[in-house]
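Down below is the structure, laid out as structure tokens.
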Number of protein chains: 2
Amino acid sequence: MAADPLSRVFAALADPTRRDMVARLTLADATVNELAAPYDISLQAVSKHVRVLEDAGLVTRSREAQRRPVHLEAEVFDLMTKWLERYRRAAEERYRRLDDVLGSMPEDDVPPTPPAGGARP
Amino acid sequence: MAADPLSRVFAALADPTRRDMVARLTLADATVNELAAPYDISLQAVSKHVRVLEDAGLVTRSREAQRRPVHLEAEVFDLMTKWLERYRRAAEERYRRLDDVLGSMPEDDVPPTPPAGGARP
DNA sequence: CTCGTCCTCAACCAAAGGGTTGACAATGCG
DNA sequence: CGCATTGTCAACCCTTTGGTTGAGGACGAG
């Protein structure tokens, strides 16, 4: 299994079924059975999906009688947002610069992380 | 291969090597050979990685003599950001609400999900 | 205690993914 | 032209993954 957290998160969200589950979990916690309802797959398959989400830190499960309510965690979204935002901004910036210079200057010219940067590649 | 764009993007970014490539491409375009340099894998493997990124719409390739410079595209990042932001906010909102409830009553008394599944629209 | 409910564990299978090696297309240069 | 450089295509190998079925654990209700 992927070692680093970010890989696990991205991999978890690479599946449409799991993304749908996440979408529904933003509305309310749900049991595995409730989660399974809309899909045409076995309960066990759904259980596996939930586990993947759990391993990625996207959800947590508690115990409540025989039920195992699944709860969406917000933190990981922040993590992803930070990651994404960084590259999104960089890509846009580069796009602008390239447009400006159009291949006359090499990367001497590349500035350190621009405004509000602060992480290392 | 995953049909929907979002799945492709997430899947593409689920690999650390590919994320690293993306990181480096925010600094400058690069050829496949240049991209391959840091890694201890075959050129063909790198070529495959680039293709995955391309299929996901994260990069484009042009022709320039025998070289095929790889260029990072910013648009897809916007797409992802929008998707993410939506769920991040929803999750936070829900978190706050739950926090509120938890704050006012003992844990084993938590009124869980609306009974009788209010499954999804 | 027994039963039904809810869920997980285990074994298995087909397909996809990341890696390899080997052949070869495309282009510039001597 | 012949050849080196750059990159892709193709076939193959494992491992992972999403799915299945079957067995069974945990718990509440009777």
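Because only heavy atoms are used, hydrogens play no part in the values below, and waters and symmetry mates are left out as well, while side chains stay in. Residue numbers begin at 1 in each chain, while the letters A, B, ... track the order of the sequences.
- Protein atom CD of Glu34(A) is 11 Å distant from nucleotide atom C1' of dC6(C), rounded to whole Å.
- Here the shortest heavy-atom pairing between Leu13(B) and Met80(B) reads CD1-SD, 3.6 Å.
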Protein N or O to nucleotides 28-30 of chain D N or O, pairs below 3.5 Å:
none

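- Checked by atom type, the side-chain pair Arg86(A)/Thr26(B) shows no donor-acceptor distance below 3.5 Å.
- Taking side-chain N and O atoms only, Ser47(A) has a distance below 4.0 Å to OP1 or OP2 of dT8(C).
- The side-chain contact (heavy atoms from CB on, under 4.5 Å) test with Met21(A) singles out one residue from Val46(A), Leu72(A), Leu58(A), Val70(A), and that residue is Val46(A).
- Note: Phe10(A) and Phe10(B) have tilted aromatic rings, judged against thresholds of 30 and 60 degrees for the angle between ring planes.
- When each of Arg63(A) and Leu43(A) is assigned the nucleotide of DNA chain D with its nearest heavy atom, Leu43(A) is the one assigned upstream, toward the 5' end.
- Taking atom CG of Leu13(B) as the reference point, atom C1' of dG18(C) lies 16 Å away to the nearest angstrom.
- Residue Asn33(A) places at least one side-chain N or O under 4.0 Å from the OP1 or OP2 atom of dC7(C).
- Side-chain atoms of Lys48(B) and base atoms of dG19(C) include a donor and an acceptor less than 3.5 Å apart.
- With hydrogens and angles disregarded, no donor-acceptor distance shorter than 3.5 Å links the side chain of Arg61(A) to the backbone of Pro69(A).
- Within 6.0 Å of CD on Glu75(B) lie no more than 12 heavy atoms contributed by other residues, nucleotides or ligands.
- Atom P of nucleotide dA4(D) and atom CZ of Arg67(B) are separated by 17 Å, given to the nearest angstrom.
- Distance, Ile41(A) CD1 to dT17(D) C1': 13 Å, rounded to whole Å.
- A straight line from CD of Glu64(A) to C1' of dT5(C) spans 14 Å, rounded to a whole angstrom.
- For the pair Arg18(B) CZ and dG17(C) P, the interatomic distance rounds to 9 Å; values are reported in whole Å.
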Before giving the answer on side-chain contact (heavy atoms from CB on, under 4.5 Å), spell out for Arg19(A) and Asp4(B) the whole-Å C-alpha distance, their side-chain angles and the decisive distance to 0.1 Å.
CA-CA 12 Å; Arg19(A) 280 202 309 279; Asp4(B) 64 297; 2.5 Å; yes
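- The phosphate of dT20(C) has OP1 or OP2 within less than 4.0 Å of a side-chain N or O from Ser42(B).
- In terms of position on DNA chain C, the residue among Gln44(B) and His49(B) whose nearest nucleotide sits closer to the 5' end is His49(B).
- Look at CG on Asp40(B): it is 11 Å from P on dG19(C), rounded to the nearest Å.
- Between Tyr39(A) atom OH and dG18(D) atom C1' the separation is 14 Å, expressed in whole Å.
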